[in-house]
Amino acid sequence: MIGNVDDPTEIKRYRDVVRKAGIHGDYVIIGVEHQSTFDKNMIFRILNYDATTYINQVESKKEVHPVGSFVFYTGDKKWNTPLELNDYFDIPEELKAYINDWKFIFVDVKEIDTSKIKDEQTRYFIEAIQETYKGNFEGLHRRIKMNRDNFIYAAIITGSLDLIRDLPEGDEIDMCEGMERMAEGFRNEGRKEGEKREKKTVLSLLKVKLGNVSNQLEQAIQNSSIEKLNTLTLSIFDITNEDDVLKIIN
């Protein structure tokens, strides 16, 4: 029998963001996922999210609204996994017309045209990520003020933790000063003192993300290499529990 499973797996995953948007009186449900790493099964996750959203609407016996799914990718490498269900398989041309497809809207933050972003702080945030990945610190040496929280998020996304150590007080950060911090952080990378600070910062981020960190996990972080910690930092938004962390650093 095809698909005969004694103990079916119960899927307990939730979208990062769900919003209901109205356009000219018509409503659509928008689901957004943030990805900092590759996931070859991303299309199946989106298919599950979308199907579950439709089923929940039907079972609630209310009006059913269309669902749109977006994946915002903030990794430093080029995305190389399928954006459509049929691209996942090697389907004979004769059968393609009989196989239902599914897809999601993919947005690579590195390729966003920031000139089209009206909100100033959002534009600075995206530009900070883009220029950091390019190593183009000079490109951000402008006398602009960036929201402090956005500055921290950009540093976390790009793995530039030196940016957020000993930040000055205030709601805004001078980008000239911030980029100097980043450049200095890259120049100092690998020093013993820097490793200690990085491990401390990673632990702080995990406590914010998970709420608590066990002694076992804390010890594992202390024993991890800088390379593993950098990988962990880039994946921080995808982590949901301590097992996710251990899989990355072990």
Say whether, by atom type as modelled, one donor and one acceptor occur between the side chain of [X] and the main chain of [Y] under 3.5 angstrom.
X	Y	result
Gln130	Val109	yes
Asp119	Thr122	yes
Lys103	Asn86	no
Asp87	Pro82	no
Glu242	Leu217	no
Lys40	Asn80	no

ILVMFWY cluster, [X] and [Y] together (side-chain gap under 4.5 Å):
X	Y	result
Tyr27	Val17	no
Val32	Ile105	yes
Ile55	Leu47	no
Ile23	Val67	no

- [ ] Decide yes or no for Phe125 and Gln121: does some side-chain heavy atom of the first lie under 4.5 Å from some side-chain heavy atom of the second?
- [x]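 Answer no - side chains too far apart.
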Task: Residue pair Leu203 / Gln222, side-chain heavy-atom distance below 4.5 Å - done: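 SC-SC contact between Leu203 and Gln222 confirmed.
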Starting at [atom1] of [X], measure out to [atom2] of [Y] and round the result to the nearest 0.5 Å.
X	Y	atom1	atom2	answer
Thr37	Asp76	OG1	CG	10.5 Å
Thr52	Glu59	OG1	CD	10.0 Å
Phe70	Ile30	CZ	CD1	5.0 Å
Asp39	Phe44	CG	CZ	10.5 Å
Ile126	Asp113	CD1	CG	11.5 Å
Leu85	Ile91	CG	CD1	7.0 Å

Open item on the list: Could you walk me through whether Lys77 and Lys110 satisfy the side chain to side chain contact (heavy atoms under 4.5 Å, CB included) test, starting with their C-alpha distance in whole Å, then the side-chain angles of each, then the deciding distance to 0.1 Å, before giving a yes or no?
Closed with: CA-CA 9 Å; Lys77 297 181 175 61; Lys110 298 188 298 299; over 6 Å; no
Task: Residues, nucleotides or ligands: over 12 heavy atoms within 6.0 Å of Phe38 CZ - done: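 It does: Phe38 CZ has more than 12 such atoms within range.
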Open item on the list: If you count every heavy atom of other residues, nucleotides or ligands that lies below 6.0 Å from Asn215 atom CG, does the total exceed 12?
Closed with: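 No, CG of Asn215 has 12 or fewer neighbouring heavy atoms, counting only those of other groups under 6.0 Å.
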- [ ] Kindly determine whether Arg45 and Tyr49 satisfy side chain to side chain contact (heavy atoms under 4.5 Å, CB included), including the steps that lead there.
- [x] CA-CA 6 Å; Arg45 283 173 54 189; Tyr49 291 146; 3.7 Å; yes
TODO: Any chance you could lay out the side chain to side chain contact (heavy atoms under 4.5 Å, CB included) test for Ile221 and Ile249, step after step, and finish with the verdict?
DONE: CA-CA 8 Å; Ile221 294 294; Ile249 63 178; 4.0 Å; yes
How close do [X] and [Y] get, counting heavy atoms only, and between which atoms?
X	Y	answer
Glu63	Gln57	O-OE1, 3.7 Å
Gly68	Val28	N-CG2, 4.4 Å
His65	Tyr54	O-CE2, 3.5 Å

TODO: Go through the steps for Lys96 and Asp101 under the test side chain to side chain contact (heavy atoms under 4.5 Å, CB included), then give the verdict.
DONE: CA-CA 9 Å; Lys96 283 188 176 181; Asp101 202 359; over 6 Å; no
Task: Which residues share a side-chain contact (heavy atoms from CB on, under 4.5 Å) with Phe106, sequence neighbours left out - done: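 Listed in chain order: Val71, Tyr73, Trp79, Leu83, Phe104, Asp108.
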